[in-house]
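Each remark here refers to the structure printed beneath this line.
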Amino acid sequence: MASAVESLPILGNHPTDQVRACDTTTLPVCLTAQKFIKLHAVAAVVFLLIGGIAALTLGLTRWPAVHLLDAQWYYRLLTLHGLNMLIFWILNFEIAVLYFASTVLLNTRLASKSAAWVGLVMMTVGAIMVDAAIFGGKSDVLMTSYVPLKASPWFYLGIILVAVGTLVGVINYFATIYIAKRDQTYKGSVPLVVFGATAAAIIAVVTLLHGAVVMIPTLLWSMGIIENIDPAWYRITWWGLGHMSQQVNVCAMVSIWYLLGTLTVGSKPLNQAVCRGAFVLYILFINVASAHHLLVDPGTGSVWKIWNTSYAMYLAVLASMIHGFTVPASIEVAMRKKGFNRGLFGWLANAPWSNPGFSGFFLSLVIFGFGGGITGVTLGTQQINIMAHNTLRIPGHFHVTVVGGTTLAFMAITYYIVPLIFQKDFYAKALCRIQPYLFGGGITLMALGMSFAGSYGVPRRHWDIEFTGGLFATGFDAGAHVMLGIMGVGAVIAFLGLLLYCLLVVAAVFFGRPVEGKPMEAWNEEPRGQIDAEEVDEHKTPGTLVIVFVFLTAFAVYYFANWMWLSDLWEVR
Amino acid sequence: MSSKEPDGKKPLQKLMDNPWLLLVLGIVIPTLSYTVWGWIELWLVPPAALP
């Protein structure tokens, strides 16, 4: 190991016994950071499994033909699902990403081991506290915990602990990039992946500050110390936590896209300034999108709503569209340089689709862009939101952003984290190769079912859409039931993909063959085309351009179709 | 006329190389645009007149 360290081009600021050279990439790996990357990643997968099991039961309950859970357990497990998936799984993984990006890519030590322990323990204890409060039966308030629904004080205290623990991790990240700059462990600007991680960390700070502002008084209210919390104030402030946390995911996910492009096909960002500029737009404008959730709330006016969800927010949408072009375009350039330079899509057809790191990443890109991006902008339009708000279309949207996008990207990078950071090899590589397709396909099917069922007016969260035993006969068109069946089938497939991921990761991490001292076994043979050896122009990406125009056409059709549906429902003379 | 500063960096590049300034802007802009403005609008809602 010592000889490997000595062979590094730059020693960084690592104590000599606290760094190793990656046997595959030769990048320096801070051993302290490596330990916490592992711990956060393991915690993340545990919470993913808990949330995933809950997800399966929910999918089988919203499928009317099955209707598995009773009302109480439905709302209980819906609460459990939301918090474990959207908060505990994602935040733990993101802290692992932040520690990786700052220490490995900037060639620096982690700023504080103690802070890393404090953050990890707070996040873990807080998450266990929340889950225990939910199973205790006194906290069936769903993830949003809208007041005046009141949960056990342990529920709010747990969320505060998770939020503060995450903030400690984020501060540790900022301290790490500070000492890297101070100790000149890198030259020039930080790499793009670190820049994206910094954007995620900045958004996380805003998110967690909102969490503190809303959750501390709510905790006091649940303890009887404060008499009243204004529900409208709660909703505005809570969505500063609830929605902004999902923007952390977007930045982390896009950073991982760039990283996986490099790891899988050796791509480079097309234009550093443009890609970084897009991240700056995220930092400045993406958080205002929280107002999407309040578009039919009284209290705030149309100017506030439209400014935040349209004019300002569209600058963040522009950023997503920039990444949505530059990421596949960089893949196209890299593949054309490898010799796959024939036709519009020869580069795409010959991409390493059997590499789960690539397939997971590219599916995440497509599902997020086509599914999440188009529906997000459309549903976030105030007028259209009137007919979509609180219908199943909304979960249909965010399951293709947060799950089909972020979670799938996180799964994809795991196929590199396990061999490179845990230094363990995966078993059953054939199953690894199909896992992203299984999960991505299941989530897409589920979200389509949700979205179309929501178009029939099926409510977002309700346990029994038939209102069985109600005074008046209600119910939905048979088409809605078909869509809910599709949703249920998709949920089962997605759960199988999730379960397979957890089993493969646990088997590799705890029982896998150690690969210390040798390079990682490649997921695929290096793709080599034997055609068209002409010089590839890095600024010509015709295949991606066609994909972009297909995307824009789909966007326009969906957007204007919604306006047409609105005009059918709400005739203006 | 060049927009470059004496150190050779363009202003946008200087902004992107300064995570602390980005942190401040990233906190201030959404907090003012979304949170504070929203709170003010709620605060200005007159109390409901009881029948």
Side-chain angles (χ1 to χ4, degrees), chain A residues 170 173-174 177-178 181 188-190 194-195 197-199 201-207 209-210 213-214 230-233 235-237 239-240 243-244 247 272-273 275-277 279-280 282-291 294 297-301 303-305 307-309 311-313 316, chain B:
Chain A
V170 171
Y173 170 80
F174 280 115
I177 61 171
Y178 167 76
K181 178 85 172 172
S189 301
V190 297
V194 181
F195 192 80
T198 303
I202 289 170
I203 294 171
V205 171
V206 194
T207 303
L209 291 175
H210 279 81
V213 170
V214 72
D230 179 60
W233 174 87
R235 287 167 66 86
I236 282 189
T237 317
W239 279 113
H243 197 93
M244 291 184 192
Q247 316 302 4
Q272 288 276 349
C275 297
R276 285 163 201 259
F279 276 119
V280 171
Y282 277 157
I283 292 169
L284 302 183
F285 299 110
I286 202 167
N287 276 339
V288 298
S290 303
L294 308 167
D297 274 31
T300 50
V303 176
W304 179 85
K305 290 173 179 173
W307 166 258
N308 282 301
T309 62
Y311 295 112
M313 171 60 193
Chain B
M1 190 175 119
S2 169
S3 59
K4 286 188 176 181
E5 298 289 315
D7 61 3
K9 280 186 179 179
K10 292 180 178 175
L12 186 59
Q13 185 63 48
K14 289 183 79 167
L15 169 70
M16 290 194 287
D17 283 341
N18 188 340
W20 316 112
L21 181 55
L22 288 172
L23 177 63
V24 171
L25 290 173
I27 292 173
V28 168
I29 289 176
T31 303
L32 289 179
S33 175
Y34 169 78
T35 318
V36 174
W37 183 3
W39 286 347
I40 291 171
E41 292 227 350
L42 290 183
W43 186 52
L44 293 176
V45 173
L50 294 173

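Throughout, protein chains are lettered first and strands after them, A, B, ... in sequence-line order, and every chain is numbered starting at 1.
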(request) Against chain B, label V280(A) side chain, backbone, both or neither, depending on which of its atoms sit under 4.5 Å from a heavy atom there. (result) side chain
(message) Looking at I236(A), is its backbone amide N or carbonyl O close enough to the side chain of Y34(B) to form a donor-acceptor pair, meaning the two atoms are under 3.5 Å apart?
(response) yes
(message) Could you work out, with side chain to side chain contact (heavy atoms under 4.5 Å, CB included) as the rule, every residue matching T207(A), not counting sequence neighbours?
(response) I203(A), L241(A), M244(A), S245(A), V248(A)
(message) Which atoms of W307(A) are under 4.5 Å from chain B, going by heavy atoms: the side chain, the backbone, both sets, or neither?
(response) side chain
(request) Check whether S290(A) gets within reach of chain B through its side chain, its backbone, both or neither, counting any heavy atom under 4.5 Å. (result) both
(message) Show the nearest heavy-atom pair for residues S33(B) and W304(A), with the distance to one decimal.
(response) O-NE1, 3.5 Å
(request) Please report the shortest heavy-atom distance between G38(B) and T300(A), naming the atom on each side. (result) O-CG2, 4.0 Å
(message) So for F174(A), is it side chain, backbone, both, or neither that comes closer than 4.5 Å to the heavy atoms of chain B?
(response) both
(message) I need the L294(A) CG to L42(B) CG distance, nearest 0.5 Å.
(response) 9.0 Å
(request) First locate atom CD1 of I202(A), then atom CG of L22(B), and finally report the distance between them rounded to the nearest 0.5 Å. (result) 5.0 Å
(message) Whether the side chain of E41(B) engages the backbone of G301(A) through a donor-acceptor N/O pair (distance < 3.5 Å, no angle test) should be reported.
(response) yes
(request) Examine whether an atom of V303(A) lies under 4.5 Å from a heavy atom of chain B, and if so say whether it belongs to the side chain, the backbone or both; otherwise answer neither. (result) both
(message) For the OG1 atom of T35(B) and the CG atom of L209(A), what is their distance to the nearest 0.5 Å?
(response) 10.0 Å
(message) Taking 4.5 Å as the heavy-atom cut-off, does anything in residues 25-32 of chain B contact chain A, and if so which residues?
(response) L25(B), G26(B), I27(B), I29(B), P30(B), T31(B)
(request) Please round to the nearest 0.5 Å and tell me the distance separating atom CE of M16(B) and atom SG of C275(A). (result) 10.0 Å
(message) If I compare all heavy atoms of G299(A) with all of V45(B), which pair ends up nearest, and what's the gap?
(response) O-CG2, 3.6 Å
(request) Using non-hydrogen atoms and a 4.5 Å limit, figure out which bit of W20(B) sits close to chain A: side chain, backbone, both or neither. (result) side chain
(request) Look at the side chain of W233(A) and the backbone N and O of W39(B), then say whether any donor-acceptor pair between them is shorter than 3.5 Å. (result) no
(message) As an exercise: rank T237(A), V190(A), T198(A) by heavy-atom pairs under 4.5 Å with chain B and give me the winner.
(response) T237(A)
(message) Within the structure provided, determine whether Q13(B) and S189(A) are in side-chain contact (heavy-atom separation under 4.5 Å).
(response) yes
